[in-house]
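To start, the structure itself, in structure tokens.
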Amino acid sequence: QVQLLESGGGLVQPGESLRLSCAAIGSFLFINTVGWYRQAPGKQRELVASVTRDGSSNYADSVKGRFTLSRASAKNTVYLQMNSLKPEDTAVYYCNADVYRDRPYAGSYVYWGQGTQVTVSS
């Protein structure tokens, strides 16, 4: 089994920063794509940013220039650095990972973290 452990959420004021972490723990061969999603009350879950195994990253227009993804491959951990936070960034943030396992069957498996709350308010 594989678990995604998220941390780093909290309450901050507009303009401040937070760094979210997503650590993959368990039995797998490698991680393909990792994405951060968020869901605000009454809204659909949306993709915030994603990074592939080769390091290619993609960002939602609403966070470009403010959020940055990085990978610590040796730790199977992905970080989302969030700067210049705005009230509209308030949401539960979820980590999603596509990992390759050889058991029970060889192939890609998708997992979600439990979510971490980010609140931006003065």
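Below, each value reflects all heavy atoms present in this structure, side chains not excepted, and no hydrogens, waters or symmetry copies.
Contact record, Val34 with Cys95: CG1-SG, 3.9 Å, taken as the closest heavy-atom pair. Residues Leu80 and Val48 share a closest heavy-atom pair of CD2-CG1, 4.5 Å. Across every non-hydrogen atom of Ala40 and Ala91, the tightest pair is N-CB, 3.8 Å. What you find for Ile31 and Ala24 is that their closest heavy atoms are CD1-CB, 3.8 Å. Residues Pro14 and Ser122 share a closest heavy-atom pair of CD-N, 3.7 Å.
The structure places CZ of Arg38 at 14.0 Å from CD of Gln44, a figure rounded to the nearest 0.5 Å. Separation of atoms OG (Ser108) and CG (Asn32) is listed at 5.0 Å; rounding is to 0.5 Å. Expressed to the nearest 0.5 Å, how far CG of Asn58 lies from OG1 of Thr52 amounts to 10.0 Å. Considering CG of Asp89 and CE of Met82, their distance stands at 7.5 Å, rounded to 0.5 Å. Atom OH in Tyr100 sits 7.0 Å away from atom CG in Leu29 (nearest 0.5 Å). Atom OH of residue Tyr93 and atom CZ of residue Phe67 lie 4.5 Å apart, to the nearest 0.5 angstrom.
Using a 4.5 Å cut-off on side-chain heavy atoms (C-beta onward), Ile25 and Asn76 make no contact. Between Leu47 and Trp36, every side-chain heavy-atom pair lies at or beyond the 4.5 Å cut-off. Residues Tyr111 and Asn96 are not in side-chain contact: their nearest non-hydrogen atoms beyond the backbone lie 4.5 Å or more apart.
Residue pairs that meet the disulfide bond (SG atoms under 2.5 Å apart) test with at least one member in residues 51-83, sequence neighbours left out, do not exist here. For residues 97-107, no pair satisfies salt bridge (Lys or Arg N to Asp or Glu O under 4.0 Å), with sequence neighbours left out.
Summarising the local packing, CD of Gln117 is surrounded by more than 12 heavy atoms from other residues, nucleotides or ligands at distances under 6.0 Å.
A cation-pi geometry, defined here as NZ or CZ lying under 6.0 Å from the six-membered ring centre and within 45° of its normal, holds between Arg53 and Phe30. Seen from the ring of Tyr94, Arg45 counts as a face-on cation partner, given the 6.0 Å and 45° thresholds.
When atom types are taken as modelled, the side chain of Thr77 and the backbone of Lys75 share a donor-acceptor pair closer than 3.5 angstrom. Using modelled atom types, one side-chain atom of Tyr59 and one backbone atom of Leu69 make a donor-acceptor pair closer than 3.5 Å. A donor-acceptor distance shorter than 3.5 angstrom exists from the side chain of Glu6 to the backbone of Gly115, with no hydrogens or angles considered. Put simply, the side chain of Thr116 gets close to the backbone of Gly9: a donor and an acceptor are under 3.5 Å apart.
For Tyr109, there are no ring-ring contact (aromatic ring centres under 6.0 Å, His included) partners at least two apart in sequence or on another chain.
Ionic pairing of Lys64 and Asp61 is present here: one or more N-O contacts between side-chain nitrogen and carboxylate oxygen are shorter than 4.0 angstrom.
Remark: of the listed residues Leu85, Val120, Thr119, Leu85 is the sole one forming a side-chain contact (heavy atoms from CB on, under 4.5 Å) with Leu18.
Residue Val51 is grouped with residue Val63 when hydrophobic side chains (ILVMFWY) are merged at heavy-atom distances under 4.5 angstrom, including chains of intermediate members. Both Tyr105 and Val2 sit in one connected hydrophobic cluster of ILVMFWY residues. Membership requires side-chain heavy atoms under 4.5 Å apart, directly or through other members.
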